[in-house]
Amino acid sequence: MIKQAAELLFEKLGEVEAFRFFALPQKERQDSVTRHRHWQESLDKDAFFREVFD
């Protein structure tokens, strides 16, 4: 069921937004710069550009 839900999120939201959804806020609040750096580390640059510019 979890796999189906994840596939549906990727289908409906796209890869970038689905990953943002999965990165829900943690109990302890992270500094925005740290949070952004973590997001960048997991980012597939080519997929991101395709999503934004195609």
Side-chain angles (χ1 to χ4, degrees):
M1 185 172 187
I2 293 172
K3 183 179 177 183
Q4 289 174 333
E7 290 172 353
L8 185 61
L9 281 171
F10 282 105
E11 178 185 322
K12 298 296 181 182
L13 298 178
E15 189 173 303
V16 173
E17 292 300 324
F19 279 118
R20 286 183 181 159
F21 177 83
F22 287 125
L24 292 173
Q26 300 173 1
K27 290 181 182 178
E28 288 186 32
R29 190 162 169 83
Q30 281 185 334
D31 173 55
S32 62
V33 173
T34 303
R35 186 175 59 245
H36 185 74
R37 286 183 182 151
H38 285 292
W39 173 76
Q40 282 181 319
E41 289 171 359
S42 66
L43 182 65
D44 179 342
K45 180 186 73 159
D46 295 327
F48 177 77
F49 284 139
R50 277 193 307 275
E51 180 82 23
V52 173
F53 297 110
D54 282 342

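Heads up: numbering here begins at 1 and tracks the sequence.
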Taking every heavy atom of Glu51 against every heavy atom of Leu13, the minimum-distance pair comes out as OE2-O, 4.3 Å
Is there a continuous path of hydrophobic side-chain contacts, each under 4.5 Å between heavy atoms, that joins Phe53 to Phe48?
yes
Same apolar cluster: Trp39 and Val33, side chain cutoff 4.5 Å
no
Which residue pairs pass the side-chain hydrogen bond (donor to acceptor under 3.5 Å, both in side chains) test with at least one member in residues 2-24, sequence neighbours excluded?
Glu17-Arg20
When you compare the side chain of Phe10 with that of Phe21, does any pair of heavy atoms fall below 4.5 Å?
no
If you group Ile, Leu, Val, Met, Phe, Trp and Tyr by side-chain heavy-atom gaps below 4.5 Å, do Phe19 and Leu9 land in one group?
yes
